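Note that this is a predicted model, so its numbers are computed, not measured. We count ligands from 1, going down the list as the structure has it; atoms in each ligand are counted the same way. The analysis underlying the following values was restricted to heavy atoms, covering all of them including side chains, and did not include hydrogens, waters or symmetry mates.
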Amino acid sequence: MTQKEESTKRFWEQFHGPNMGYVEEQYDLYKENPESMDPSVKEMFDQHGAPSWLFSKDETQTVHSDSTSFDVKKLTSAMKLVEAIRRYGHLEADIHAVGSEKESSPLVALSTYDLTEDDLKEMPASWLWDKAPAGVDSGNDVVKYLKEVYTGKISYEYDHVNNDEERSWLTEHIESGELQANLSKEEKRQLLDRLAQVEGFEGFLQKTFVGQKRFSIEGLEMMVPMLDQIVKYATNDQIDDIMMGMAHRGRLSVLAHVLQKPMDLIFSEFNHSPNKELVPSEGSTGINYGWSGDVKYHFGATREFKGENATSTRITLAHNPSHLEFVNPVVAGFTRAAQDNREEKGYPKQDLSKAFSVLIHGDAAFIGEGVVPETLNLSNLDGYKVGGTLHIIANNLVGYTTNREEGRSTRYASDLAKGYEIPVIHVNADDPIACIQAINIAYEYRDLFKKDILIDLVGYRRYGHNEMDEPRATQPLLYSEIDQHATVANVFANRLQEDGTIVEGELKMIETRIENELQEKYDSLQEHSAESVEYTEMPEELEGDLDHFETAVSLDKLVQLNNDLLLRPDDFTPFKRLNRIFKRRQGVLEDGKKADWGTGEALAFASIVADGTPIRLTGQDSERGTFAHRHLVLHDVETGEKYSPMHGLQDGKASFDIRNSPLSEMGVLGFEYGYSVYSPETLVLWEAQFGDFANAGQVFFDQFISAARAKWGEKSNLAILLPHGYEGQGPEHSSARLERFLQMAAENNWIVANVTSSAQLFHILRRQAALGGKDEARPLILMTHKSSLLRSERLASTAEEFTEGKFEPIRQQPGLKVSKKNAKRLLIGSGKVMIEIEEALEESEEKYDWLRCLRLEQLYPFPEKQLVKELKELPNLEEIVWVQEEPKNMGAWSFISEYVRELLKDGQTLRYIGLPKRSSPSVGEPNVHRTMQDQIIQEAINRSKGGRSK
Ligand SMILES: Cc1ncc(C[n+]2csc(CCOP(=O)(O)OP(=O)(O)O)c2C)c(N)n1
């Protein structure tokens, strides 16, 4: 009999009389529906199987008539208690260095289960825990042991994890102590030294740069050795990339110690800091990486580390705006980009082992900011997953001056993670060894299950929100405690002294050495470099126009691509009604057959991929397209299998990744931005369902997409597709808020366009792909069309427009024969309204030789050169009229009028035709819209001046 069989036999032998009946009843229940029963009883059967007497010949169990007939209720109570310790032990854990006393919870009290220590002592340990380690003999030992595991300075929450394998792994590795940090004496001394370095660095900055903000790490110093440990494991595992994101707190220390940013560079940034009174809330002005620069707490860095084997691991700390947590999806995008191999056609091949991400959060920000759950929700989706992120909450108990009770409705800052089945480890930042243990478990779990895990590192904040803030005004009691509290290096040194690792005074010596080293570095900096921060100019490459990009494609190639797009795998059964759409695409560009918007877009994508440039396109319902114009993922009606025609291109030389995104703007937009930065050779596109929903991700436009190049030198050629156009569909679904993108347009930071033909779409997308990786790269904000207009002949283009042309920032209004000499009015507009004007001109009987009409297809950079050329050719022009369907305070009017006014000659006027100023962008009644739109159009093409032009 094996040891296990022996133990099982002994276990069942304890039941007698009525207890046996009770157990049998429970076993029947277990067989029927194990999930419905009390987990502790379920565990009993999981562990010991069926009661042995059920299979015994002698139905009346005779064995083991020990004098104590065991009470089954006590046993199940003890099992419940054991289970409760695993589940609720964290409620009694000693995870607070300051600010909270160790609590006790009735959920893990013996009395709650009607048990005494004596009851527990009577039970062999194996009844309650078959993996009880040596020395854990009785039930009482089990309870004591598990209380040490779950209610000490480190504690765990994983009951919300539903996967059985993960749960078992966690239980086993947490309880066996296998992943404990068994540090040698030398390792303990190194750890102490590291903590002293962190404290020494912060202390040196404090005394050398008096009054400057640094958002000190003090109170959470263990963050640095924890990150060291991650780097050590990752380099040994030959991981190519660790992508990190973090906010201001402790960032300088992480840069200095983990990314090894040279101290003298850090010191020089402090030295160059201008007037301290004028600095913004998160620090003083720092060195420039872009041309406008940023405060020093926002810059990232990259560093290469050599592992034990010859390979190296690169750590990238992402640049970060003040907006807390918004860097999270950007880092996820970096990571995914580093994992995807895009070199072959089809979907990219993801290798999860190539990179992983580490995110450090603030305790107030993690639970408070909506971008956090939006990013967590990406973690298990095929299009977005990155094989698990290791999260650390840098929990200093306070958010600026706001206490925990004011900042969250939950017990822990980490509670949000539980909804995503992310295991949580709480650890006391004053216990360095427990902190390393937390990393050991988190690293192994993420590595094995490729899922997120979170460490709630609970410490404190030695100073105020920054070093200029007085926290005693708002947190007097907490700070009177913190003022008395020894630093973690001192706490740890005492412990090491007690266990004989170091001798008295050793920490002092380490501290003196570190201070001398820092002073030496600082002195040599003062002697050798007195250079001042130079004003950096915008790079020249951004100044030129983009006319030199050749984007035309030969007819042969386009015809072949179009034919390939219509191919299906042999055994593929398509949805019949789609055939109509695809039939329309057959033979386009041949025999004078024009290509509509959807075809133009598909040909752009296909030709880009055939050129060897990968594409990633995501957005809500983007596979089909919200307006059903795209259909780049097809579904076999019999098998449900998916097939993308883009993957069947004979000439496909790179991947085409297309994904329906979850219902998120912030998370997804940030992710795609990150992807585009890290993979500059890829054309990444994000599509809003309707353009106005993009404002749910506004922070990414303001803080990253428009400004990252100027602030941090971060390049992206991300393309944003924003359906825009007025049809009376209501205040939403109409306007992509073009005006906002134009307001933010400066220094050639991005391209803003609204194009009116499929060929223009083709060329601008191809140009955007060509920009990738170049110094001229910049994002594209493209207003796109909606609904029926997408299928309109008026957007369709001829073969020549694809094979000969290139993108035209200004287009002549099609179908208008103009006499340059007679032209009195130059009508300029952009987007859908110009297509409606085209219709109106066609319908009208008037001869419009007095009207010159231009479509502004690229609003920014404003094509001034081309417009000046036009104006020169119109000698008798009296007025320039800007027409738009948006209200006057929206759309492009304010932006355009500034440019155009400059170009007016004596006697010429500039006039506005469009809706008056409005607070809400559009009406909700199509008929009302139609009436107003007709008025605008008639006024624009009616010779008489005046009317509704205010
Ligand atoms: C989106 C956003 N809202 C508000 C702020 C202003 N702010 C800066 S730090 C801070 C408190 C953050 O607390 P916590 O997340 O706990 O991090 P800590 O500063 O305590 O490390 C606030 C409100 C910000 N930077 N970003």
Side-chain angles (χ1 to χ4, degrees), residues 96-99 198 202 213-224 226-227 245-255 279-284 294-298 318-330 359-375 391-410 412-417 426 429 454-471 474-475 478-479 482 665-667 669-670 695-704 707 711:
H96 287 97
V98 299
V198 176
E202 294 285 359
K213 298 166 187 175
R214 63 201 151 85
F215 297 96
S216 139
I217 202 170
E218 287 152 285
L220 288 166
E221 291 90 335
M222 265 311 293
M223 203 150 81
V224 167
M226 287 165 87
L227 292 171
M246 71 182 296
H248 51 283
R249 178 77 49 213
R251 195 172 172 102
L252 287 180
S253 235
V254 169
L255 280 168
V279 292
S281 72
E282 273 175 32
S284 50
D294 199 343
V295 296
K296 49 184 162 302
Y297 310 97
H298 292 169
H319 300 299
N320 184 72
S322 190
H323 288 58
L324 297 165
E325 302 291 339
F326 282 84
V327 78
N328 301 355
V330 177
L359 290 177
I360 297 173
H361 312 271
D363 50 310
F366 183 80
I367 193 97
E369 293 291 345
V371 68
V372 177
E374 285 202 23
T375 312
H391 301 267
I392 301 177
I393 295 184
N395 188 345
N396 58 19
L397 312 180
V398 192
Y400 217 130
T401 65
T402 301
N403 288 320
R404 285 168 274 179
E405 313 76 63
E406 300 160 314
R408 60 179 187 254
S409 295
T410 59
Y412 297 112
S414 54
D415 279 342
L416 182 69
H426 304 282
L454 186 146
I455 298 173
D456 179 22
L457 174 66
V458 191
Y460 54 93
R461 193 182 69 189
R462 180 142 309 267
Y463 301 96
H465 171 61
N466 60 61
E467 292 65 32
M468 309 291 285
D469 257 2
E470 175 50 89
T474 49
Q475 272 76 25
L478 177 64
Y479 274 80
I482 291 173
E665 284 79 22
M666 269 193 282
L669 179 55
N695 67 7
Q698 192 63 38
V699 171
F700 287 102
F701 291 109
D702 295 350
Q703 264 55 45
F704 291 87
K711 296 195 288 188

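Counting atoms of ligand 1 from 1 in the listed order, those under 4.0 Å from a heavy atom of Ser322 are 24 (C), 25 (N), 26 (N). Residue-ligand proximity, Asn396 to ligand 1, at heavy-atom distances under 4.0 Å covers atoms 18 (P), 20 (O), 21 (O). Close contacts between ligand 1 and His248 involve ligand atoms 9 (S), 19 (O) [criterion: under 4.0 Å to a heavy atom]. When each atom of ligand 1 is checked for a heavy atom of Gly362 under 4.0 Å away, the hits are 14 (P), 15 (O), 16 (O), 17 (O). Close approach of ligand 1 to His323 is summarised as follows: ligand atoms under 4.0 Å from at least one heavy atom of the residue are 1 (C), 26 (N). Near Val398, with a cut-off below 4.0 Å to any heavy atom, the atoms of ligand 1 are 16 (O), 20 (O).
Side-chain atoms of Tyr460 do not come within 3.5 Å of backbone N or O of Val398 as any donor-acceptor pair. In this structure a side-chain-to-backbone donor-acceptor pair under 3.5 Å is missing from Arg461 to Gly219.
With sequence neighbours excluded, the residues forming a salt bridge (Lys or Arg N to Asp or Glu O under 4.0 Å) with Arg214 are Glu202, Glu218, listed by chain and number. In this structure, Asp469 has no side chain to side chain donor-acceptor pair (under 3.5 Å) partners at least two apart in sequence or on a different chain.
By the criterion of a heavy-atom distance under 4.0 Å, the side chain of His465, and not its backbone, is placed next to ligand 1.
The nearest pair of heavy atoms linking Phe704 to Pro321 is CZ-CD, 3.3 Å. Closest non-hydrogen pair, Glu325 versus Val371, comes out as O-CG1, 3.4 Å.
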